[in-house]
Amino acid sequence: QGQLVESGGGLVQAGASLRLSCAASGRTFASYHKAWFRQAPGKEREFVAAISGSASSTVYSDSVKGRFTISRDNTKNTVYLQMNSLKPEDTAVYYCAASLYKSTDQRDYASWGQGTQVTVSS
């Protein structure tokens with residue numbers, strides 16, 4: 001059984017940048033599609049970005065397109081989320097997840113990290 005561990009969250013001001021990391025342990029998840037989801041207080045968890053196992057394709061939600069970049073380094077079993085031009089509405093707990101399927105639907109993701117808090121002040 002593998003684990004996904006997120007890091008890199010924090011408190012920043014609007015306009016700042018953060019880079020989240022998600023490291024896999026116990027298994028490589030190297031061929032798995034990876035994604036980031038987020039959940040704001042009082043809201044349902046939503047899709048943010050996904051990347052294919054080979055890193056050949058990515059997809060983003062409209063709310064983060066042009067500001068966030070998902071990438072992965074399979075030699076380090078790590079996926080990243082570079083977040084630029086952060087807005088207060090980006091405040092949420094960010095989760096990484098792994099799936100055998102290329103999907104934006106969280107129901108297709110069987111492995112999840114514990115989440116990392118991102119807070120953006122205005």
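Starting from 1, each residue takes its place in the sequence as its number.
For the atom pair NE2 of H33 and OG of S54, the computed distance is 8.0 Å after rounding to the nearest 0.5 Å. For the atom pair CZ (R19) and OG1 (T69), the distance works out to 11.5 Å, reported to the nearest 0.5 Å. Of the inter-residue distances, the one linking E44 atom CD with Q106 atom CD reads 8.0 Å to the nearest 0.5 angstrom. We find the OG-CZ distance between S85 and R67 to be 7.0 Å, quoted to the nearest 0.5 Å.
When atom types are taken as modelled, the side chain of E6 and the backbone of G115 share a donor-acceptor pair closer than 3.5 angstrom. When atom types are taken as modelled, the side chain of R72 and the backbone of S52 share a donor-acceptor pair closer than 3.5 angstrom. Y109 places a side-chain N or O within 3.5 Å of a backbone atom of S103 that can act as its donor or acceptor partner.
Residues Y80 and D73 have side chains in contact (heavy-atom distance under 4.5 Å, counting atoms from C-beta outward). Counting only heavy atoms from C-beta outward, the side chains of S63 and E89 never approach each other to under 4.5 Å.
Look at K87 and D90 and you find no salt bridge, because none of the NZ, NE, NH1 or NH2 atoms lies under 4.0 Å from a carboxylate O.
Residue L86 shares its hydrophobic cluster (ILVMFWY side chains chained together at separations under 4.5 Å) with V12, L18, L20, W36, V48, I51, Y60, V64, F68, I70, V79, L81, M83, Y94, V118, V120.
Residue A92 comes nearest to Q117 through the heavy atom pair O-NE2, 3.4 Å, listed as atom of the first residue, atom of the second, then distance. Nearest approach of A98 to L4, heavy atoms of both residues: N-CD1, 3.9 Å.
Aromatic ring pairs are classed by plane angle as parallel below 30°, tilted from 30° to 60° and perpendicular above 60°; the pair F37 and W112 is tilted.
Clustering ILVMFWY residues whenever any of their side-chain heavy atoms sit less than 4.5 angstrom apart, transitively, puts Y101 in a cluster other than the one holding Y95.
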